[in-house]
Every structure is written in C-alpha cells, then in structure tokens.
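To start, the structure itself, in structure tokens.
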Amino acid sequence: MNVSVGLMEGQSAVEVELTGGRFVDAWGETYTPGRYRFTSEVTLSPSDPGSCAFALEDVTIGIGFHWERKERQVFRGAFRLVKREAGLTVINDVSLEEYVTSVISSEMSASCPLELLKAHAVISRSWLWFPKANPSRGTGRRQSQAPDSHEILRWYGREAHPDFDVCADDHCQRYQGSTKAFAPAAAEAVRATAGEFLRYNGNICDARFSKSCGGITERYATAWEDEDIPYLESVYDGPPQSRSYSPEAWIRSSPPAYCNTDDSELLSRVLPGFDQETRDFYRWRVAYTAEELAELIRARLAVDLGPIREVQALARGPSGRIYRLKITGERDYVIISKELEIRRALSRTHLYSSAFVVDKEAGRLVLRGAGWGHGVGLCQIGAAVMANEGKTYMEILRHYYRGTAVSV
Ligand SMILES: [Zn+2]
Ligand SMILES: [Zn+2]
C-alpha cells in the first residue's frame, strides 16, 4: 500500500539533497548522496528504503494559516517531479504505514498519550484510504451558483489533487516527512494498530478530525456537501449530560467539555511547538472596524460591499458553527455558505472557526467564537484529555464516531 503525497507545486526548479544511500531513476542511472537541481520531470527511487532519504529546503507548512512558515524537511520513499503548466510538482511516494507514522508525528507531539497516538493512527489511515475504498463517492471542491446571485456557496474536498493522493498540508493531513517521524511513541502507535481501520457497517470511514470542537462536535454537512453521515453526527464532547444550550448562549459561555482544558502541561505534550502559539482555542475573540472588515471582504472574496453594517448568522449547525452568513455593507450584501469559506472570508489567514457571535462595541464588530477547525469527527484536544484520563483508543473512537468499530 503506497501513498503519493504532493509536497510543492509551481516550482521552476527544485533543489534536493539525497542522503543515506543511492537513488535510481527510471533509466537505471544512479544518484549518489549529494545536492541536485532539477528543472524537468524525474523519478528517483531509493535503492534501500530503510537508509535512503531526501531533503528539501524551504517547504512551506501551514499555507494560509496563522502559523505559516518555512522549514527544511526530510522524506523517505521516492522523489518524483511532474511537469505541469504552472511548473514542477514535487511528489513523495511512500508506504501507507510510513505516511501514517509521519502524519501522527506532525499532527501531534510524540510525547502525547499513547492511546491518543493510536486513535490518531487509526483515523489517519482510514481517512487516507476512504476515497480509494469508495471511488464513486466524490467530495471535490464545489462551487455552486446559488439561486441568489449574492450567495457564494463553496467547500473544499479531497479531489483537488489530480496528480497525487494527498497534499502535505492541513488541507489534507499535515505531513512533514521523516523529520519527526521516528519518535518511538508514534512508531509504536502505528505498529500497535497496524492495518486497523475505523469501520461503520464494515466499511472504512471517512474519519474527519479537527483541533477543538468547542465543546460540541459538528455535523458533516456544515462543512461539506449536504449529506448526513451517521458516524459524523454531532456529539457533546464530554460524559453524557442532559443540559442544553442555545447556540448563542453556548458560544458566549465556557461550559465544561473534554477540550475545555487549560492543562498547559498536557497541551504542550499534545501540540507540536507552533500550535502552542494558539492557546485561546476553546473560546476566542477577534475585533474589526467596519472599514477593516470591508477591506478584508474585498481582498478575500473580490466583492465590494462598502463599510460593513451588519454580520448576521442565517444558519448554524449543532456546534454553533455558522454555515450561511450574511454580510451587509453600505453598498451591497453577500451571503457566504459553508464553514471554511466563512473562515477564509473573515480573516487574513483563517478564522479559528465559524462558531461565533457578533457584537457591536465602540464602533467595532467583535466576533466571539468557539473551537478551532471544522469540528467534525474527532476533537484532537478532547481526545488528548480523554487519553490522559485513562480512556483507551477504542473508547475515544467510539465517543467521537458513534456506531463504529475498529478492525483490520
Ligand atoms: Zn490537500
Ligand atoms: Zn472538543
């Protein structure tokens, strides 16, 4: 089982450093360790997958998110360049188990609880394999012209990558090669769950996950197409309880939930270094002037509304996440649909989530929000707290994905 991962696109030339042992191209020519520069298509396969690696400088991670930065990264497996109109695409062909080891090391710190790493290994493997097991089920990037010409309806799915299975970024799953891949705990979690998938009625699940649900997980249709997926329904992220809140009251308060934690020792064990910059994930606040917001909408959506007068939630999912938002300016209005497009429109990077309420305070529009990410499926911070409390990976997965089972 091999996975092709897109590392970079649109390059005019690519510099790569080969290490550990020889690589061989499609014509049998060998490449000894050292630096090479390519401006056309090539496939370099490692002669010994265990010892050979390649390194790329300046790989951008977190593209468009608030923690975007460049890093040197090291990869196992084959190095492949594909030429497209925009330039060269860098692809890494790597085994599924190696990919999963890297992903859980990149997504989560290797010092986090083992049961969390095991849960993550199962969902990363399942998420990756789901489209291969369900080729007919398309979840590509969609943009529909809604009946109202003022409405922008858009979501982002898996089929945005014709040349490879997954990209290395948060759009798919964060993959940073082998730099951190061989932390013993991550490797142990992958070995302990080798070949295991999350299944519903025997079928591999589309195992979605995000950083923090904000206390209640979201349903699939808020983020992607209008479809009810039984194992991606909304659940309260805590032990069973009977209290209920209106979405607004929920967002304005800070109710107990697994992911409502300020255990900084646990968070620092769970989140890789850069994510620790984000500590206000459970409840957060952002403020704009009417002009700042108008400028943002103009830059992000290419529509000129004039100074913004009102931001209004037209529809919310069960976690409080907005999936239809109306923004009215002095000249015009726009309706934005689906959660990622809303987050994209309302921030220079990405708003933490679309679960927010809007208040007018001293001439500014203040967004008070809950959670980090789309909130569908497993909540990574909540799962970390569950693991820390002694729950097993099976219990964690059953909590977030109702009615599922784990098996090879
Ligand atoms: Zn992607
Ligand atoms: Zn949560």
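Along the sequence shown, the residues carry numbers beginning at 1.
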**Complete:** So side-chain hydrogen bond (donor to acceptor under 3.5 Å, both in side chains) across residues 81-93, not counting sequence neighbours, yields Arg80-Asp93, Arg84-Asp163, Asn92-Tyr175
On the 0 to 90° scale, with breaks at 30° and 60°, tag the [X]-[Y] ring pair as parallel, tilted or perpendicular.
X      : Y      : value
Tyr236 : Trp250 : perpendicular
Trp224 : His374 : perpendicular
Trp372 : Tyr352 : tilted

Any Lys/Arg nitrogen of [X] or [Y] sitting under 4.0 Å from an Asp/Glu carboxylate oxygen of the other?
X      : Y      : answer
Glu57  : Arg35  : yes
Glu341 : Arg344 : yes
Glu361 : Arg364 : no
Asp226 : Arg219 : no
Asp280 : Arg285 : no

Can any side-chain N or O of [X] pair as donor or acceptor with the backbone N or O of [Y] at less than 3.5 Å?
X      : Y      : result
Ser124 : His120 : yes
Tyr400 : Ala383 : yes
Arg321 : Thr217 : no
Asn388 : Gly390 : no

Side-chain polar contacts of residues 287-295 - donor-acceptor pairs under 3.5 angstrom, sequence neighbours left out - could you list them?
unit_1 : atom_1 : unit_2 : atom_2 : d
Tyr288 : OH     : Leu346 : O      : 2.6
Thr289 : OG1    : Glu292 : N      : 3.0
Glu292 : OE1    : Thr289 : N      : 2.9
Glu295 : OE1    : Arg298 : NE     : 3.4
Glu295 : OE1    : Arg298 : NH2    : 2.7

**Message:** One pair to check against side chain to side chain contact (heavy atoms under 4.5 Å, CB included): Val14 and Leu56. What are the steps and the verdict?
**Reply:** CA-CA 8 Å; Val14 177; Leu56 297 168; 4.1 Å; yes
**Message:** Applying side-chain hydrogen bond (donor to acceptor under 3.5 Å, both in side chains), can you list everything that pairs with Glu9, at least two apart in sequence or on another chain?
**Reply:** none
**Prompt:** Below 6.0 angstrom between ring centroids: does that apply to Tyr31 and Tyr36?
**Reply:** yes
**Asked** Should the heavy atoms of other residues, nucleotides or ligands under 6.0 Å from CG of Asp48 be counted, would the total exceed 12?
**Response** yes
**Prompt:** Passes side chain to side chain contact (heavy atoms under 4.5 Å, CB included), Val385 versus Asp263? Steps please.
**Reply:** CA-CA 9 Å; Val385 171; Asp263 182 342; over 6 Å; no
